[in-house]
Amino acid sequence: MRDTRYARIMVLKTEPFILNIGPVHPSTHGVFRMRTTLDGEVVVDVEPVFGYLHRGIEKLAEERTYTGVIPLTDRLDYVASMSNNLAYCLAVEKLAGISVPERAEYLRVILAELQRIASHLIAVGAFLNDCGAFFTPFLYMFREREKIVDLFEMVSGQRLLYNYMRIGGFNQDVPDEFLPALDKLLAQMPRFIEEYERLLKENEILLARAKGVGILPKEVAINISASGPVLRASGVKWDIRKKDPYSIYDRFDFDIPTGEVGDCYDRYRVRVEEMRQSLRIINQARRQLPAGEVKSEVPHLVRPPAGEAYAHIEAPKGELGFHLVSDNSIAPYRCHIRAPSLLNLTALRDMAIGWKVADLIIIFGSIDIVMGEIDR
Amino acid sequence: MILNSSLNSIAYSSTLPPDWPGGFWWHWLLFTVIIIVFALTLVMGFIWIERRGMGRMQARLGPNQAGPFGLLQPVADALKILLKEDIIPAKADRIVHWLAPVVAFAPALMIFAVVPFGDGAMLADLDIGILYVVAIASISAIGIFMAGWGSSNKYSMLGAMRGIASVVSYEIPVVLAIAGVVLVAGSMSLNQIVLAQDIPFILLQPLGFLLFFIGGCAEINRSPFDLMEADSELTAGFHTEYSGMKFAMFYLMEYAEAVAISAIIATLFLGGWRGPLLPPWLWFVLKVIFVFFIMVWTRTTLPRVRIDQLMALAWKFLFPLALINLIVTAIQILVWPDALPWILVPINLAIMALLILLWSKLFKLGWGRVEV
Amino acid sequence: MTVALSGKEIATKIEERFPGSVVKSSPDSLVVKSEFLLDVATFLKTTPDLDFDYLTAITAIDYYDRFEVVYQLTSIKHNHSLMVKTHCYGRDNLSLPSVVGLWRGADFQEREIYDLMGISFDGHPNMKRIVLWEGFEGHPLRKDYGT
Amino acid sequence: MKFERYGIGIAKGLRVTIRHLFRHPVTVQYPEQRLNISRRTRGNELIWDKVKCTGCATCAKSCPQGAIQIVTSTSMEENKYEVEQIEVDTGYCISCGLCVEACPFEALYMGYAYERAKYRRGEVVQANEQLLPSPQRQRSGYMYPKIADELPRQTLLIERITEEK
C-alpha cells in the first residue's frame, strides 16, 4: 500500500499544455498565432493560425483596372513594396507583351535591390531582436533602412507604400538629386554593414542560440517549396535572378550566397551576404544607367489579350509570383499571388518541434514573414 | 550636502555608547528614512540612466521631455502608472496575486539595512551581514513565483518557473564567490569587509568578481539572463497580468534589486565607500552607478541565453570555477597569510585566465534539441 | 534561364504511360483529367529526366462552367518548369486528389483554395479553412460570390 | 554555449555599442524639429484647380477606391460644361496618386502636407471650395516637376548624419 502511494508521488509526470503565442505578441511580426503544445519548455507541436489580416486582395484585384491593382500590391509585403510592384508589373507586361525602356529597367533593378537591402535589414534586425538583443540591432538596422526609405520617398513621394512602378516603366523619372544621394548611400553602406557584423556576428551567445537551431534539411526545404533566403540557407543554390533572369539581371555579376546546414544562423548570414551582393548589383547598375525615357507607350487602360501569364521575381522573402488571367477586359480576370512568406511558413513546424519556446521564437523570426503577404 | 553632514553625524552617533538614551531608535529612524530615500532616488536615477544610456547607445535620444534632460521621466511614469486601473484577471488567485508585489519588493529594500554608506554608517552592522544579504535576496523569488502562479496565465507561469530555476541555481556560485571574499576579509560584516579592502578585492579576487557579477545579473534577471520576463518570448513573463500600482512595484523591485546588487558588488569588490578626496557616500554612489552602467551596457549589446544554457552556465561553468576559486583562496590564506597583496594580484589574475581558458575548452553548455 | 517545357511533348510522354489522361495540351501548358492527377504528378516528380521536385504554386481559377486548378512545377535540378492544369466541373462538393504527399508545399495552398474557391482536396491531412474563420459561408474567390 | 572564442565576439559587440554612446543620435524631436518631406510627397489631401478642371471625371474613374465623386452639368444657354460638385472622401483615399497621374488637364494635385487628422468624421469628406489651394494647402510636386523645383529640398538622413562626434 505504502509503496504504491509513494511511487505515485515520486514519479514526476508532466502534462503537455497548449499555449497560444499570438495573435498579439511582441515577436509574431504581425497578427499571427502559433498554437503550440508545450511539454514544460519543449515545443511538442506547432500549428500556425493566420488570417487575421485577410483583406481579400486577390478578389479586390478582379474589380480594378490593371493599373489600379498596383496600390494593392504595395500592401502585400509592406516592408518590400517595390519588389511587389515589380513582380506585378512584370506579370502584366508579360501578359500584354509590353516592353520597358532601358533606363526604366536599370532603375527597376536599382530600386528592387535597394528594397531587398531594406527588407533584409528589417529581417535581420527583427531576428536579432527575437534572440533577445534588446532593440539595439533593430534600431541600428532601422537607421540604415531609413536612409533607403528616404530615397524611396524622394522618388515616389511615400515612405512605405510606394506605388511607383507602372506597367511599362515608371510614372515619372527619378529627380535630379536621386543619383547623388544614391552614390552617397552606396559609399556609406558597406561600412555600416561591417559595423553590424561586428556587433553580433561572432557573439558567443548568439552562436549558442542560433547555430544548429531549427535546421531545415535541403530535401525538406525543396519539398515544402521554401524559397529565398530560407531555401538558400539550406544549401540550395536557387536564385531566380540567376536561374531565370527577369528584367535585366543577366547583365550583372553577383554571387548567390548559400548556407551550409540550414540553421537559424545560416539564414541570418545569408541575408547579410545578400545585402552585400545587392550593393554590388546596384553599383553596377548605377554605372551603366543610361539616359532616356522611363515609360514606354502604354494606353491609359491596359487591355491585355485573353490568356494567362505567370511571372515571378526573387523578392526579398523569396519567390514572389503573380499568376494573371486576362479575359481581354480592363481588369484582371484572376490574380493569384504566390506569396513567399506563406510557403516558407510551412517549414515552421518541421524546424521548431523538439526545441524550446525561446528557439521557436527565433526560428520563426529567421523565416522572416510579413503577415500582409500571408493573409493577403 | 545635507545628506553628507547627516551621514557624518550618524557615523558619529553610531559610535556613541549603546546605552545612550533613545540612541537605538533615533538610529533606526534615521537610517530607515535614509535607506528608503537612497534606494528610491537611486532607483529613479537608474531608470533614467538605463533609458538615456540605452537610448544613446541605440543611436536615439531617450526620454528628454519631462524635466531637464528628462530627469523627471521616472516621476512622470510613476504618476501615470498610479492613475491606471488595477486589473485582476477573473481566474486569478486574488490573495496571492495581491500579495506577490509586496513580497517581491520588500526584500529588495531590506538588503540595504547592512550596506555601509560610510564608515559604520549603516542601519545594522550585523556580524553575519553577508549571510543576511544572501538570505534576503532570495525571498524576491518567492514573490515572483507567487505572481506567476497567482495570475493564472501560462506566460506568467513559464516566466516564474524560469525565475525560480535561475535563482536556485545561481545562488550557489554567488554564495561561493562571496565565500572567497569573506575568507580574504576575515569577516562577514560588510563594514569590516570594506575596512579590509586596502586594495579593492576585485584585484585580489578577480575570478570571484566575475562569477559574482554574472551570477548576480542572473539572479536579478538582468539581460542577458532576463529569461523570466523575456520580452520577445513571454511578452512580459511573470508580470504579464499586472497593471497599475502592482506593476509599478514589480518595476521598482527590478531596479531596487539592481541597485542592491550593484551596491553589494561595490561593497564587496570595489572598496565600498572607500576612496580619496570625495566624501565616502559619494564614492559609494559613484561605484554603484558604475557597476550599474556595465549592466546597462551588456543589456544593450547581448542577446538572451536560453533556459537550458542558463542552467548549464550555472552548473557547469560558474559552480566548478567558484569551488576552485574558493579552494585557491583558502590555500593562499593558509600558506601565505602575510603575503603582500600586490604579489597575489598577478597570481590570481593568471589563475583566472587559466581557469577560464580551460573551462572554455572543456565544457559545452546546453544540449539543444529534445526528441519528442 | 528556366526552360518552360512544352506541354505537348510532356503530354505525349504522359499519354504513353497513362493513356487517356491528357485532355488538352498547348505549348505552355497541359490539362490532365482530375482522376489521373495524382498519377501524373507522381510520374512528373519521379521520372529522372523530368524530376519536378519543386512545386512553385497552385492556383485555382473559376470559369463559371468549370474550375481550373493550375500547378506550377519546377525542377531545381534541371532548371525547367511546367504548367499542369486540371479541371473540376460543377459548383458543389468539388474535390480533387491532394498532392501534399508529393510536395508538402501544397499544404497551405490547397487549404487556401479550399477556403476561397471551395475545392476540397482528398488526402489532405488538415483540410480546413485557412484565412477565413470556421463557419464562414461561401467561398469568396468564386466569381458568383456575393451576387 | 561554448566559449571557444573566450568572449572576443562579446567584446567586439560591446565596443560597437559603447562607441555609439558618443555619436550623434539619429532621431529628431518631432513636433519641435521638423524635417523637410519629399518634394513629391503624396499628402493626404487632394488639391483641385477649379479653372483647369473640365469635369471629365478621369480621376474618378482611375481612383481604385472610388473616393472621388464628380457631378457635372451642362448649362444650356452658354453651352458650357462645368463641375457642379467634386467630392473627395479622404477617409477612403489611400494616397496612391493615380488620379493625379490620370488627370489630362493638370487640374488635380496631391497635397504637400501631413498631420491631416480630423476631429470629426464629417470633415474627412471634402468638397468643392475645400479642395482649392490655400497657404495651408500647398501643392506637392508629385507628377509636376515644375512645382517640385520650387519646394524645399528634402532632408536626407545620409546628408544629415555623416559626422561622427
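The chains referred to below are lettered A, B, ... by the order of the sequence lines, with proteins before strands, and numbering in each begins at 1. The shown structure was predicted, so the numbers you read here are calculated from the model rather than taken from an experiment. Hydrogens, waters and symmetry mates are skipped; everything else that's a heavy atom, side chains included, is used.
- Of the atoms belonging to A:Val49, not a single heavy atom falls under 4.5 Å from chain C.
- Heavy-atom distances place the side chain of A:Glu319, and not its backbone, under 4.5 Å from chain C.
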Checking side-chain contact (heavy atoms from CB on, under 4.5 Å) for the pair A:His323/C:Gln72: CA distance, chi angles, key distance, verdict? CA-CA 10 Å; A:His323 188 117; C:Gln72 293 273 353; 3.6 Å; yes
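- Heavy atoms of other residues, nucleotides or ligands lying less than 6.0 angstrom from CZ of A:Arg35 number 12 at most.
- Annotation for C:Glu9: atom CD does not count as buried by contact number, only 12 or fewer foreign heavy atoms lying within 6.0 Å.
- Of the atoms belonging to A:Tyr246, not a single heavy atom falls under 4.5 Å from chain C.
- At a 4.5 Å heavy-atom cutoff, A:Ala347 makes no contact with chain C through either its backbone or its side chain.
- Of all the heavy atoms in C:Leu102 and A:Asn223, the pair that sits closest is O-ND2, 2.9 Å.
- Contacts of C:Leu116 with chain A are made by side-chain atoms alone, with heavy-atom separations under 4.5 Å and no backbone atom involved.
- Few gaps surround NZ on A:Lys59; more than 12 heavy atoms of other groups in view lie less than 6.0 Å from it.
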Determine, stepwise, if the pair C:Val70 / A:His336 fulfils side-chain contact (heavy atoms from CB on, under 4.5 Å). CA-CA 10 Å; C:Val70 185; A:His336 173 75; over 6 Å; no
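- The candidate from A:Ser227, A:Ala339, A:Ala226, A:Pro48 with the greatest count of non-hydrogen atom pairs under 4.5 Å with chain C is A:Ala226.
- A salt bridge is absent between C:Glu68 and A:Arg334: the closest approach of a Lys/Arg side-chain nitrogen to an acidic carboxylate oxygen does not fall below 4.0 angstrom.
- Across A:Arg376, A:His54, A:Arg55, a single residue satisfies side-chain contact (heavy atoms from CB on, under 4.5 Å) together with C:Val131, and that is A:His54.
- Considering only heavy atoms from C-beta on, A:Tyr333 comes within 4.5 Å of C:Ile61 through its side chain.
- Residue C:Lys24 qualifies as open at atom NZ: its count of foreign heavy atoms under 6.0 Å is 12 or below.
- Top candidate by heavy-atom pairs under 4.5 Å with chain C, chosen from A:His312, A:Glu47, A:Glu308, A:Lys242, is A:Glu308.
- Across all non-hydrogen atoms, the minimal contact from C:Phe108 to A:Leu342 is CD1-O, 3.4 Å.
- Heavy atoms closer than 4.5 Å to chain C are found in both the backbone and the side chain of A:Ile222.
- More than 12 heavy atoms of other residues, nucleotides or ligands lie within 6.0 Å of CG in C:Asp65, so this atom counts as buried by the packing criterion.
- Both the backbone and the side chain of A:Leu345 come within contact range of chain C, judged by heavy atoms closer than 4.5 Å.
- Neither the backbone nor the side chain of C:Lys77 comes within less than 4.5 Å of any heavy atom in chain A.
- Between the OH atom in A:Tyr310 and the CE atom in C:Met83 there is a gap of 9.0 Å [rounded to 0.5 Å].
- In this structure, NE2 in C:His80 is found 13.0 Å from CG in A:Asp244, a value given to the nearest 0.5 Å.
- If you take CD on A:Glu219 and CG on C:Asp53, they are separated by 10.0 Å, rounding to the nearest 0.5 Å.
- Closest non-hydrogen pair, C:Arg104 versus A:Thr346, comes out as O-CG2, 3.8 Å.
- At least one side-chain heavy atom of C:Leu141 sits under 4.5 Å from a side-chain heavy atom of A:Glu62.
- In plain terms, the two heavy atoms of C:Gly105 and A:Ser225 that are nearest each other are CA-OG, 3.6 Å.
- Counting all heavy atoms, side chain and backbone alike, A:Leu231 lies closest to C:Tyr54 at CD2-CE1, 4.3 Å.
- Ranked by non-hydrogen atom pairs under 4.5 Å with chain A, the options C:Thr56, C:Leu132, C:Ile130 are led by C:Thr56.
- With respect to chain A, the highest number of heavy-atom pairs below 4.5 Å among C:Leu55, C:Asn126, C:Asp28, C:Asp115 belongs to C:Leu55.
- Within the 4.5 angstrom heavy-atom criterion, only side-chain atoms of C:Asp107, from C-beta onward, approach chain A.
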